[in-house]
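Nothing fancy with the numbering, it's 1 onward along the sequence. One-based numbering, in listed order, for ligands and for the atoms of each.
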Amino acid sequence: MSNYHIKHLEEYWQVYRKSVRNPENFWEEIAEEHFLWRKKWDKVLSWDFSKPEVKWFEGAKLNITENCLDRHLATRADKTAILFEPNNPDEESQHITYRELHERVSRFANVLKSQGIDKGDRVCVYLPMIPELAVAILACARIGAIHSVVFAGFSSTALATRINDCDCETIICSDGSYRGKKTIDLKSIVDEALESCPGIKKSFVVKRTHTDVVMKEGRDIWLQPLLDNASPTCKATVMDAEDPLFVLYTSGSTGKPKGMVHTTAGYMVYTAYSFKNVFQYRENDIYWCTADIGWITGHSYIVYGPLANGATSVMFEGVPSYPDYGRFWEIVEKHKVTQFYTAPTAIRALAKENISYVDKYDLSSLKVLGTVGEPINEEAWHWYNDNVGKKNSPIADTWFQTETGGIMISPIPYSTPTIPTYATLPLPGIQLALMDENGKEIKGNQVEGRLTIKYPWPSMARSIYGDHERYKNTYFNSFENMYFTGDGALRDAVGYYRITGRVDDVIIISGHNLGTAPIEDAINEHPAVAESAIVGFPHDIKGNALYGYITLKEAGEGRDHDNLRKEINQLIADRIGAIAKLDKIQFTQGLPKTRSGKIMRRILRKIACNDTSNLGDISTLLNPEVVKDVMAKAII
Ligand code: 6R9
């Protein structure tokens, strides 16, 4: 028997040790017991990080949708698979059962097939968070087409770049989307993008907002009539373990976005296993991840991981602030959500608002909380723990990347300890190492370095679409025989990991390496501070000095800025040391963020260095107006 579901600390260590002693054995047992294979593998793993080449479950045949859908029909046909919560709270929620989802995916898959889409073809999916998004990607997977989801908040330029990079001939989009009070004209964004995408032959359009759209003859097709006429059953295409399942773009700070290629069997096994353990998932739970499916978190932990476990996964179309800041909590109460998984940026935004928005609702159904995407600062962690979890729901601070496919470092709620700002422990099968600048592993505890992974895990990306050389250079050239994450981390006296931020963001002051996360964490402790971002700028004596961009809570508005500056620097001196004091502090209305909520320090660094002629790739920027404002008021 494999230890598929870890239940206490001792068991964690036991499982972890076993997974490291013999990784192949460990994953093989899990794959054997918990999935449906058309044919089992000939070899569990072959790998060579110098190429790099990694193959899991070679020779196996399967279809991931048979694992996410068909397999559940015998016992869970009437169970809700996707619980759709619309943007407008007055519109009814939809409970889509496994039987219905199976049928909808099959119809959609038949439509794609009848339109000439084949195994290996790339299909761009540009849809809001409506059930058709999940259905569309599963339909692709059903027939072996490779989906490439582009977050439906991206601009036409960002969309076009991704369509062209991935050689897509098909796009699935919608007439429009709802986001809070706004209705967005998605179709015209697509039309604009397609002007520079000569490769696109067909565009399938889902009706959501009933907005007037222009349908281009010969290219644009309404989807619904096709679905109505399609057969409700569709034989799944048998895939090889290493056949690509999807491409998902991660924005590099410069240059082209990278289309990470994920393959079938390993991705399925790892996302299913990590979902089950990190969220301590049990049969009747109602699990909700607030991410967008256009992000790896949504792929792995709204769609594939939960459905592979036969779970009920909530899919929310709207935003946390509509109709008011209580919306998340209203949904938790309404559906008796048991696991709630969100991002630090959302937590900080909600913590800024009146606590009555939280207190109004009954959150007693919650058992596990999760966070992902950025380092969570201590204050936000406590706010989440106290007000949402009522000190009763462990917080899984989950660290992972588009490239890793699944969660790599996280507490296992109810089994391993949680510590504010710490992602804590690697999941079973994940072998971490911290490296110094000279490429030497830093052993022992109470050390800090570059976070790397020294052994393959099943859900790792296999390549960058169309550019394997770039894949090698970006991830495998920094340290021999290791995958380099690009993040810095520290391992404390006990061996728990804390992510200190992107290594690119590290600031060297008088010879000391300072990660951004711990300093921002100290700043955010100040009662007047809502959020902060620090960057370095050149300094004659220290080499670099620190520039802080700080947004204030309502309580801080109207306070004397010079006093605030002193208090904040005092806090930093107390918590970290005088070396980390800020030379310049600019109070701003907001911070530039990516659309998945990450602070773009790269732009702030350019502003601090008075070098704003070329801000690099800003196609994923959420709030361009903030950049202008920050630039106008920069302290140079
Ligand atoms: C899942 C996701 C990956 C980068 C990653 C790191 C940061 C993610 C984090 C975290 C600290 C956490 N990150 N989770 N930093 N603590 N719990 O976010 O994927 O969009 O590819 O970003 O996000 O810097 O390297 P992706």
Ring centre gap for His147 and His299 strictly below 6.0 Å: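 That pair passes the under 6.0 Å test.
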Aromatic ring proximity, centroids under 6.0 angstrom, Tyr273 and Trp457: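 No: the rings miss the under 6.0 Å criterion.
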Between CZ on residue Arg491 and NZ on residue Lys443, distance to nearest 0.5 Å: 9.5 Å
Interatomic spacing from CD1 in Ile576 to CD1 in Ile519 - rounded to 0.5 Å: 5.0 Å
Electrostatic pair Glu531:Lys593 at N-O distance under 4.0 angstrom: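 Yes, Glu531 and Lys593 are salt-bridged.
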Amino acids contacting ligand 1, non-hydrogen cut-off under 4.0 Å: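 Within 4.0 Å of ligand 1, protein side: Trp295, Ile296, Thr297, Val372, Gly373, Glu374, Pro375, Asp397, Thr398, Trp399, Phe400, Gln401, Thr402, Asp487, Ile499, Arg502, Lys598.
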Of all pairs that satisfy side chain to side chain donor-acceptor pair (under 3.5 Å), the ones with a partner from residues 392-418, not counting sequence neighbours: Tyr341-Thr398, Trp399-Asp487, Gln401-Tyr483, Glu403-Tyr475
